[in-house]
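Comments concern the structure below.
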Amino acid sequence: MADQALQVREEAPLAAAGPTLLQVIAAAAADPRVDIDKMRALIEMERAIRKDQAEVEFNAAMARLQPKLPRVVKSRAILAKDGKTARSKYAALEDIDAVTRPLLDEEGFSVSYTTEDSDKGTITIATVRHRLGHSIESRAWMPFDKSEYRTDCQCQGSTMMYGRRYAFCNAFNIITIGVDDDGQAAGWVSAEQLKNITDMVAACEMNPAALAAFLKFAEADTLKEIRARAYDRVMTALRAKEKQHREGVK
């Protein structure tokens, strides 16, 4: 409910501007005395407002999404030549998709992919679109993934899947971890600490600007990248902010 209330407050000024301008355009279109150039200017103005609104909504949805995205466990293995020993581990695109798609759908995001050829590799382009129309691109260059055990077509397919995975993770700042790594090895807050922080942020009903200022204070790009050493300092600040917010609402 807090997120919905915040969304209404953010959208209201922009939503109000759209219909008002459309009414002006409709009235002008019905008046044969209206100059056609002025009519075009009004239409372009309305388009610009909608474009700005779409970008604002995209950024707000991304800000809400970031603290919800989980770290994805590297559960797949690349085997050594003996076919038994795990040479390295990774998180497959289908595993990443399984845990992120419901969250992306909830915020109105969709993703599509295209590729471009480059010297000795392929560029994969992930286009992230929001339901109101704004979009961004994330590009990942991958060298051709050759293997003596695969045909050329299979190697090309493997290269494309690698590219999709990296482009997608870059677009949404997805972090992959080892099976036994709860984040502490990299110094991040634990899953329980992250939940406490996320709950407090929600209680404070932060808008995107306030959330950005908080992350700067926490010295992190996202909530899940807050360092464990900063947990107590961050929670103290959040409790104080939540108290101020509660008293301001009364």
Side-chain angles (χ1 to χ4, degrees), residues 3 6-7 10-11 14-15 18 43-74 76 90-146 152-177 206-209 211-216 220-225:
D3 285 346
L6 175 59
Q7 185 176 5
E10 290 172 347
E11 292 177 358
L14 292 170
I43 293 173
E44 288 302 318
M45 185 184 302
E46 193 270 340
R47 287 175 178 169
I49 288 175
R50 288 188 178 276
K51 183 178 179 181
D52 289 345
Q53 181 179 9
E55 184 174 359
V56 168
E57 292 298 332
F58 181 101
N59 293 335
M62 185 65 77
R64 290 191 299 269
L65 175 68
Q66 284 297 304
K68 301 176 185 176
L69 290 172
R71 298 187 182 103
V72 184
V73 174
K74 298 177 182 178
R76 307 296 182 100
Y90 67 99
L93 181 61
E94 53 265 38
D95 297 335
I96 297 171
D97 179 79
V99 296
T100 59
R101 184 185 291 268
L103 299 173
L104 268 61
D105 290 345
E106 183 181 340
E107 289 294 349
F109 288 113
S110 62
V111 185
S112 61
Y113 300 93
T114 55
T115 58
E116 295 178 358
D117 292 332
S118 68
D119 293 340
K120 300 180 181 179
T122 298
I123 298 173
T124 300
I125 305 154
T127 302
V128 179
R129 293 184 176 86
H130 188 249
R131 57 177 163 243
L132 290 187
H134 187 69
S135 64
I136 62 170
E137 287 187 353
S138 173
R139 304 169 74 92
W141 177 85
M142 290 288 116
F144 194 54
D145 184 32
K146 290 187 176 182
D152 286 347
C153 288
Q154 290 173 325
C155 290
Q156 180 65 27
S158 176
T159 304
M160 291 174 62
M161 290 304 291
Y162 270 114
R164 287 187 177 193
R165 179 156 55 91
Y166 280 98
F168 181 88
C169 288
N170 287 341
F172 291 101
N173 192 29
I174 302 294
I175 296 173
T176 58
I177 61 174
M206 293 185 186
N207 60 32
L211 179 59
F214 168 72
L215 289 172
K216 184 176 180 180
D221 292 329
T222 65
L223 294 181
K224 60 188 175 186
E225 291 182 63

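Computed from a predicted structure; not experimentally measured. Note that these values count all heavy atoms, side chains included, but never hydrogens, waters or copies made by symmetry.
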Subject >> Shortest non-hydrogen contact between P102 and D97, atoms and distance >> reply: CD-O, 4.4 Å
Original post:
Can you name the closest pair of heavy atoms from I96 and A91 and give their distance?
Top reply: CD1-O, 3.8 Å
Original post:
Listed by chain and number, what are the salt bridge (Lys or Arg N to Asp or Glu O under 4.0 Å) partners of E137, not counting sequence neighbours?
Top reply: R139
Original post:
Any side-chain heavy atom of P208 within less than 4.5 Å of one from V56?
Top reply: no
Subject >> Side-chain touch N173/L69, heavy atoms, less than 4.5 angstrom >> reply: no
**OP:** Could you please spell out the steps behind the side chain to side chain contact (heavy atoms under 4.5 Å, CB included) verdict for L211 and Q66?
**Re:** CA-CA 11 Å; L211 179 59; Q66 284 297 304; over 6 Å; no
**OP:** Could you grab the distance from atom OG1 of T100 to atom CG of D105, nearest 0.5 Å is fine?
**Re:** 9.0 Å
**OP:** Would you check if the side chain of R71 reaches a backbone N or O of K224 as a donor-acceptor pair within less than 3.5 Å?
**Re:** yes
Subject >> Distance in Å, T176 OG1 paired with D95 CG, rounded so as to fall on 0.5 Å steps >> reply: 11.0 Å
Original post:
Roughly how far apart are T114 OG1 and M160 CE, rounded to 0.5 Å?
Top reply: 9.5 Å
Original post:
Can you tell me how far CD of E107 sits from CZ of R131, rounded to the nearest 0.5 angstrom?
Top reply: 7.0 Å
Subject >> CH2-OG1 distance between W141 and T122, expressed to the nearest 0.5 angstrom >> reply: 9.0 Å
Subject >> Minimum heavy-atom distance N170-S138, with the two atoms named >> reply: CB-OG, 3.4 Å
Original post:
Can you find a heavy atom in the side chain of T115 that is under 4.5 Å from one in the side chain of Y113?
Top reply: no
**OP:** Give the minimum heavy-atom separation between P143 and T159, together with the two atoms involved.
**Re:** O-CG2, 3.6 Å
**OP:** Go through the structure and list residues passing ring pair (Phe, Tyr, Trp, His ring centres under 6.0 Å) with F172, not counting sequence neighbours.
**Re:** F109, F168
**OP:** Output the distance between atom NZ (K68) and atom OG1 (T222), rounded to the nearest 0.5 Å.
**Re:** 14.5 Å
Subject >> salt bridge (Lys or Arg N to Asp or Glu O under 4.0 Å) partners for D221, two or more places apart >> reply: none
Original post:
Between the main-chain N or O of N59 and the side-chain N or O of H130, is there a donor-acceptor pair closer than 3.5 Å?
Top reply: no
Original post:
Counting only N and O atoms by type, is there a donor-acceptor contact under 3.5 Å from the side chain of S135 to the main-chain atoms of R129?
Top reply: no
Original post:
Does the side chain of L223 reach to within under 4.5 Å of the side chain of F214, using non-hydrogen atoms?
Top reply: yes
